[in-house]
Chemist: 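Attaching a single structure in structure tokens format; questions to follow.
Read the numbers this way: they start at 1 and go in the same order the structure lists the ligands and their atoms.
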Amino acid sequence: MASIQDLGATCLDRFVVSEAPPSVYYIPEFITKQEEQFLINQVYAVPKPKWTQLSHRRLQNWGGIPHPKGMVLEKLPQWLDTYSHKIASLGALNEKIPNHVLVNEYTSGQGIMPHEDGPLFYPVISTISLGGHTLLDFYHHPTTQCDENSVDEAAKVATPEDRLFGSLLLEPRSLLISKDEMYTKYLHGIADRTHDTLTGKVLNVDACPQRAIGDVLERKLRISLTIRHVPKVLKIKLNLGRR
Ligand SMILES: O=C(O)CCC(=O)C(=O)O
Ligand SMILES: [Fe+2]
């Protein structure tokens, strides 16, 4: 059977997560085990200074540093550029080709605080997961606005647990594409847990054939490739060492 990497835009709709707000696409086994191992090898082949150590995870930034005045574009390495083009060919980014990739590494027990990806990115996030699974949690905004008409009812409650409205199980080798309201209206994060229990709040259990509600999954080391497009770039050529 042809894989989605070959079929492109014609079949993305088959992967829509209909239980989630618009729009989320979850594609299990987007890459093969060989491609997964190749990407992991590339991630660990980079020089140590390429890693930024945060208090709860490590990351690599590729493509440039997004900035309100524009990003000084750095060419993506071939191993990431290939996947940027494959994702563009699925048709979720209106002809845009992702030019920025964050590599996040999480050991078991590490996560990322609920956040928005913000206005510097074109509002479509593509995520390839490598190594281990995670649960990506989605939260209503903790807004303090008083305008009754513009505030989500569920957002007025106090605790983060109450604001959690659903999660997505991201298994190794999968691709997740989130856009529209899922990008603009909600926060996303990963709890710092060592085990995840699949509950009715996991919106894509049906798309994970080996999984069922009630399963307890042990977190392993996970690497994510967050592949996005930064629309505002500065056309400065870096001519390092050349005269
Ligand atoms: O690891 C992930 O899947 C989420 C990463 C993320 O939200 C980010 O880098 O902004
Ligand atoms: Fe994010």
Side-chain angles (χ1 to χ4, degrees), residues 15 17 20-21 23-28 30-31 36 39-40 43 50-67 71 76 80 83-84 87 92-93 98-142 160 163-194 196 202-204 207-208 217 219-231:
F15 296 95
V17 180
S23 300
V24 177
Y25 304 90
Y26 177 75
I27 301 150
F30 176 67
I31 58 170
E36 178 187 31
L39 287 168
I40 293 172
V43 166
K50 188 71 196 166
W51 286 101
T52 301
Q53 180 72 54
L54 304 180
S55 55
H56 286 103
R57 71 196 146 95
R58 286 202 296 172
L59 61 84
Q60 296 173 10
N61 183 88
W62 295 96
I65 308 291
H67 190 276
M71 178 172 83
L76 289 177
L80 291 173
Y83 289 92
S84 155
I87 287 165
L93 287 106
N99 54 8
H100 186 270
V101 181
L102 264 192
V103 176
N104 281 300
E105 181 202 58
Y106 306 85
T107 57
S108 176
Q110 293 186 324
I112 184 169
M113 298 277 287
H115 65 279
E116 290 176 296
D117 284 5
L120 299 182
F121 296 99
Y122 184 75
V124 177
I125 317 175
S126 312
T127 309
I128 296 178
S129 295
L130 310 171
H133 83 279
T134 203
L135 276 192
L136 183 66
D137 300 321
F138 288 87
Y139 297 87
H140 292 278
H141 231 282
R163 287 192 278 107
L164 173 74
F165 72 87
S167 306
L168 293 168
L169 173 59
L170 307 186
E171 297 210 86
R173 300 178 294 286
S174 68
L175 171 68
L176 171 74
I177 298 180
S178 314
K179 57 183 210 168
D180 307 322
E181 268 189 20
M182 270 312 245
Y183 186 98
T184 53
K185 194 168 165 192
Y186 303 108
L187 306 179
H188 58 274
I190 296 172
D192 47 4
R193 281 194 296 258
T194 57
D196 293 301
V202 180
L203 305 169
N204 64 332
C208 305
L217 307 182
R219 291 242 192 117
K220 309 214 164 68
L221 185 127
R222 169 175 178 265
I223 297 164
S224 64
L225 309 181
T226 304
I227 302 170
R228 288 171 291 195
H229 179 75
V230 176

Chemist: Applying the ring pair (Phe, Tyr, Trp, His ring centres under 6.0 Å) test to H100, which of W62, F121, Y122 qualifies?
Modeler: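 Between H100 and the candidates, ring pair (Phe, Tyr, Trp, His ring centres under 6.0 Å) is satisfied uniquely by F121.
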
Chemist: Could you check atom 3 (O) of ligand 1 against the protein and tell me its nearest heavy-atom contact, residue, atom and distance included?
Modeler: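 In this structure, atom 3 (O) of ligand 1 has R222 NH2, 2.9 Å as its nearest protein heavy atom.
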
Chemist: Compare every heavy atom of D137 with every heavy atom of R193, then report the nearest pair and how far apart it is.
Modeler: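 Where R193 meets D137 most closely, the heavy atoms are NH2-OD2, 4.4 Å.
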
Chemist: Sort out for me which residue in R57, R58, R222 forms a salt bridge (charged side-chain N to carboxylate O under 4.0 Å, His left out) with E105.
Modeler: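 Result for salt bridge (charged side-chain N to carboxylate O under 4.0 Å, His left out) with E105: R58.
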
Chemist: Short list, please: which atoms of ligand 1 are under 4.0 Å from a heavy atom of T127?
Modeler: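 Near T127, the atoms of ligand 1 are 3 (O).
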
Chemist: Starting from atom 4 (C) of ligand 1, locate the nearest protein heavy atom and write down its residue, its atom name and how far away it is, to 0.1 Å.
Modeler: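 Nearest neighbour among protein heavy atoms for atom 4 (C) of ligand 1, to 0.1 Å: Y106 OH, 3.6 Å.
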
Chemist: Side chains of H56 and D192: is there a donor and an acceptor less than 3.5 Å apart?
Modeler: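 Not at all, the side chains of H56 and D192 share no donor-acceptor pair under 3.5 Å.
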
Chemist: List ligand 1 atoms under 4.0 Å from H188, heavy atoms only on the residue side.
Modeler: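 Going through ligand 1 atom by atom, the ones under 4.0 Å from H188 are 7 (O).
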
Chemist: Nearest 0.5 Å, what's the CD1-CD1 distance between I177 and I125?
Modeler: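 CD1 of I125 is found 11.0 Å from CD1 of I177.
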
Chemist: In D117, what N, O or S atom is nearest to the Fe ion (ligand 2), if we give its atom name?
Modeler: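 Closest N, O or S atom of D117 to the Fe ion (ligand 2): OD1.
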
Chemist: What is the nearest protein non-hydrogen atom to atom 8 (C) of ligand 1, stated with its residue, atom name and distance?
Modeler: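 Among all protein heavy atoms, the one nearest atom 8 (C) of ligand 1 is H115 NE2, 3.8 Å.
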
Chemist: What residue and atom, counting heavy atoms only, is the protein's closest point to atom 9 (O) of ligand 1, and at what distance?
Modeler: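 For atom 9 (O) of ligand 1, the nearest protein heavy atom comes out as N104 ND2, 3.1 Å.
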
Chemist: Applying a 4.0 Å heavy-atom criterion (strictly less than), which segment of D117 is in contact with ligand 1: side chain, backbone, both, or neither?
Modeler: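 The side chain, only.
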
Chemist: Can you list the ligand 1 atoms lying under 4.0 Å from a non-hydrogen atom of T226?
Modeler: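 In order of number, 5 (C), 9 (O).
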
Chemist: Heavy-atom contacts with I190 under 4.0 Å: which atoms of ligand 1 show up? List them by number with element.
Modeler: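 The list of qualifying atoms is 1 (O), 2 (C).
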
Chemist: Over all heavy atoms of both residues, which pair between G189 and Y139 is shortest? Give the atoms and the distance, please.
Modeler: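 Nearest heavy atoms, G189 then Y139: N-CE1, 4.4 Å.
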
Chemist: Of all heavy-atom pairs between C208 and E171, which one has the smallest distance, and what is that distance?
Modeler: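 Taking every non-hydrogen atom into account, CB-OE2, 3.5 Å.
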
Chemist: What closest approach, in Å, do K220 and G132 show between heavy atoms, and which atom pair accounts for it?
Modeler: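 Result for this residue pair: CB-CA, 4.3 Å.
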
Chemist: Would one find an N, O or S atom of E116, in either backbone or side chain, under 2.8 Å from the Fe ion (ligand 2)?
Modeler: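 For E116, the answer is no, given that no N, O or S atom comes within less than 2.8 Å of the Fe ion (ligand 2).
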
Chemist: Within the 4.0 Å heavy-atom shell around L102, which atoms of ligand 1 are there?
Modeler: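 Matching atoms, with element in brackets: 9 (O).
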
